[in-house]
Number of protein chains: 2
Amino acid sequence: MDIRDIAKHAKVSIATVSRTINHVSTVDPDLAKRVWKAIDELGYYPNTQARTLVSGKSRIFGLVIPDITNPFFPGIVQAFEEIAIQYDYEILLTSTGNDQHRMEKAIRRMIERQVDGVAIMTFGMEEELLEHLHFRKMPLVFIDVGPPLPLVSNIRIQYQIGVRQAVQHLASHHHRRIAFVSGPPELKSATARTLAFQNAMAEKGLEVPDGMIVSGHHTVEGGLAAFEQLAARTERPTAVMCSNDVSAIGVMRKAYELGIQVPDDLSVIGFDDIHLAEFVIPPLTSIRMSQTELARLAFHALLADVERTSLPPAGTEYFLTTELVLRKSTAPVRKPAAEPSKTHPF
Amino acid sequence: MDIRDIAKHAKVSIATVSRTINHVSTVDPDLAKRVWKAIDELGYYPNTQARTLVSGKSRIFGLVIPDITNPFFPGIVQAFEEIAIQYDYEILLTSTGNDQHRMEKAIRRMIERQVDGVAIMTFGMEEELLEHLHFRKMPLVFIDVGPPLPLVSNIRIQYQIGVRQAVQHLASHHHRRIAFVSGPPELKSATARTLAFQNAMAEKGLEVPDGMIVSGHHTVEGGLAAFEQLAARTERPTAVMCSNDVSAIGVMRKAYELGIQVPDDLSVIGFDDIHLAEFVIPPLTSIRMSQTELARLAFHALLADVERTSLPPAGTEYFLTTELVLRKSTAPVRKPAAEPSKTHPF
DNA sequence: TTGAAAGCGCTAACAC
DNA sequence: GTGTTAGCGCTTTCAA
């Protein structure tokens, strides 16, 4: 069944059917009514492939994420999908596992499917791949790492704001030895968080000795291993901040195994504020980065470039703030770090 | 740039280019080499829409899940995607929130995009919707609830096996008052779990008094509320089984709030065995239902029907077992339920 | 306002 | 083994 059947059934031309479906205003209301009736009676669904082929617009956006299994991303996917449906767009989703090879295949598939734009929520991509995309005038949106090109937007996450709040919070609770469980070093958005931590510590005049920053790979297992390392130090940290919530969960779990009480013996702060953060035991203090807002920004960035008729400016920027969400995984240090006593030297 | 450009550049006909791309074996190796070279040099990507339009096969499978935010589903999505890529298929993913209206829109979009089959991981669908799909000879795979039609497969989850193990485990630890936090009552796969629980309890000769089965809606919040209700009973349960892991996390969290120790004062068992189950505190005992295996079965069910040339049998069935995974959230009852003492009546 | 017809990029049937 | 060509289902001129 195709557009011709509808035309026949409604006794109009296929052009009129097409116009009706596309809500072209010049169609005679009577004819339109006949067409809709026919569509309904025959249960006709237009063939999107054919429409795409002729119109050149697929109404599909690609969404590239590193790992659907990390609870931060389902939140994004869900929000992105919600908006997409609203605007009558479809999503082509891929998890790449931060693997360049899979990323490449994903992008290739997206080009083949003629997506109208791609939101890249991973750590950027190789120059050559980007060439392919940009060569095809494909609107792109990145988190932090997009190059300053027309049709390429960036969502700049203001890591510093939330991180500063977190360090401030810890410092005001007399924490001095604060460790940081970072993400994968090759992930730009992770190194940006590490940097923000170092800056915030410096601002407070707090030192970050060697070995107090250790990678947790943004996984539970990574967090586990990271804290194991941290706990083995002679000067064990009294607080640890994590580059994401999942690794914070790993840290808490390892602390539990070692008999270290959170928050009494150890404060921990996560990053992302995933839904579950509120429900782990104890409820996790975290630096929120709104998944809904992020998805919304990304979608609209793409949409703006798709709908733009004039040639677009280079490198549009959007901003997303972060903020500390206090829960129960932080507390004042129980015994302040023993400092060389200045009173009574004898 | 299209197939014609490649043909020109390689000095062959477009048919030869098409054949080369599709690995038709009769193409002269020399010509093929020229074609691949041209493809590479010009950076040509075939247009999938055009291919679909003429071949009638989109190489897209729809994947319908209730809620991407429930950590059980990302595991499925990931596994499904992995296999799909392997077979050169694409996925159209939708979360429906178990809402019939959204489900309807999702299915409509899938038909419009000419998907080759749909895996429906939710609680079934309205008769009429199914008609639409089946009318179009669309291969379908359901969990448990598919009707016995040709081109419709079912994956039968053997809930009873794991649930029986769980009840057995609890019973052997002297638990008698065992509660069940069920899923949404309108969700067939959830009622199947409840039923399995009731059966297993009956087999053990254990009673399930009124009010000991309460809905947790398969969400953390639902689990929270459910246990609040359970904890308020005069005869509080010594163990609670949950219809999924997420609600079990809610239960544990509420117990923590109420100062009830898991597992010493309360044993809890989840269902699904999500990745995180191993990492919550305490590590959650759960009934595993392999997400990878489920995705694999679903994909191959669809693939089998797509590739079938003869007319297919009605209602192919696949089976997936469940099994108890012991961790730290269960323990023997501390003080056995006080029974009317039979010795020394005076 | 409506219809006829060209053509989007490709596959497949058929002819050579 | 290779090329020519019809046509997949639709949108979009253009003419009426």
Side-chain angles (χ1 to χ4, degrees), chain A residues 1-36 38-39 42-60 88 90 108-116 136-137, chain B residues 1-36 38-39 42-60 88 90 108-109 111-116 136-137 309:
Chain A
M1 153 161 27
D2 61 16
I3 202 173
R4 270 175 287 266
D5 297 315
I6 303 303
K8 223 170 288 174
H9 197 265
K11 301 193 196 311
V12 296
S13 71
I14 63 168
T16 299
V17 177
S18 174
R19 289 192 191 102
T20 305
I21 290 171
N22 291 298
H23 302 102
V24 173
S25 57
T26 59
V27 179
D28 182 296
D30 279 356
L31 288 198
K33 207 169 290 174
R34 283 206 333 250
V35 170
W36 285 120
I39 287 174
L42 302 189
Y44 166 73
Y45 288 25
N47 182 325
T48 318
Q49 322 282 344
R51 298 174 101 164
T52 300
L53 186 57
V54 33
S55 72
K57 305 262 123 241
S58 64
R59 295 196 85 83
I60 302 179
D88 216 5
E90 207 71 55
R108 156 163 225 114
R109 277 157 36 224
M110 294 195 172
I111 294 176
E112 289 183 355
R113 298 270 173 200
Q114 315 290 127
V115 301
D116 291 342
R136 287 177 171 73
K137 308 222 184 315
Chain B
M1 151 161 26
D2 62 17
I3 201 173
R4 269 175 286 266
D5 297 315
I6 303 302
K8 225 169 286 174
H9 197 264
K11 300 194 197 313
V12 296
S13 71
I14 62 167
T16 298
V17 176
S18 175
R19 288 193 193 101
T20 305
I21 290 171
N22 292 298
H23 301 103
V24 174
S25 57
T26 59
V27 179
D28 182 297
D30 279 356
L31 289 197
K33 207 169 292 174
R34 285 208 329 253
V35 170
W36 286 121
I39 288 174
L42 301 189
Y44 165 73
Y45 288 25
N47 181 325
T48 318
Q49 323 283 343
R51 298 175 100 163
T52 299
L53 187 57
V54 32
S55 72
K57 306 262 124 242
S58 64
R59 295 194 88 82
I60 301 179
D88 216 7
E90 207 70 55
R108 159 166 223 111
R109 276 158 36 224
I111 294 177
E112 289 182 355
R113 298 269 173 199
Q114 315 291 124
V115 302
D116 291 342
R136 287 178 172 72
K137 309 223 183 314
T309 47

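We name chains A, B, ... by the order of the sequence lines, and we start the count at 1 in each one.
One atom, CG of D2(A), and another, P of dC8(D), lie 8 Å apart when rounded to the nearest Å. A straight line from CG of L53(B) to P of dA12(C) spans 12 Å, rounded to a whole angstrom. Rounded to whole Å, atom P of dA4(C) lies 13 Å from atom CZ of R4(A). Atom P of nucleotide dG7(C) and atom CZ of R51(A) are separated by 22 Å, given to the nearest angstrom. With rounding to whole Å, N47(A) atom CG is found 16 Å from dC10(C) atom P. Rounding to whole angstrom units, CD1 of residue I3(B) and P of dG7(C) are separated by 18 Å. Summarising the geometry, the separation between NZ on K11(A) and P on dT1(C) is reported as 23 Å, rounded to the nearest angstrom.
Residue S18(A) places none of its side-chain N or O atoms closer than 4.0 Å to OP1 or OP2 of dC10(D). Using a 4.0 Å cut-off, some side-chain N or O of N22(A) falls inside it from OP1 or OP2 of dT11(D). OP1 and OP2 of dG1(D) both lie 4.0 Å or more from every side-chain N or O belonging to T26(B). For dC10(C), the OP1/OP2 oxygens have no side-chain nitrogen or oxygen of Y45(B) closer than 4.0 Å. Close to dT11(D), at under 4.0 Å from its OP1 or OP2, lies no side-chain N or O of S55(A).
Judged by the 6.0 Å distance and 45° axis criteria, R113(B) is not positioned over the aromatic ring of Y45(A).
Here I14(A) lies in heavy-atom contact (under 4.0 Å) with a base. Contacts of T16(A) with the nucleic acid, taken as non-hydrogen atoms under 4.0 Å apart, involve only primed sugar atoms and P, OP1 or OP2.
Using a cut-off of 4.0 Å between Lys/Arg side-chain N and Asp/Glu carboxylate O, E90(B) and R109(A) are scored as salt-bridged.
Proximity note for V12(B) (side chain, C-beta onward) versus dG3(D), dT2(D), dG9(D): the nearest is dG3(D). For R19(A), counting side-chain heavy atoms from C-beta on, the closest listed nucleotide (dC8(C), dG7(D), dT2(C)) is dT2(C). For D28(B), taking side-chain heavy atoms from C-beta onward, the closest of the listed nucleotides dT2(C), dG1(D), dA4(C) is dG1(D).
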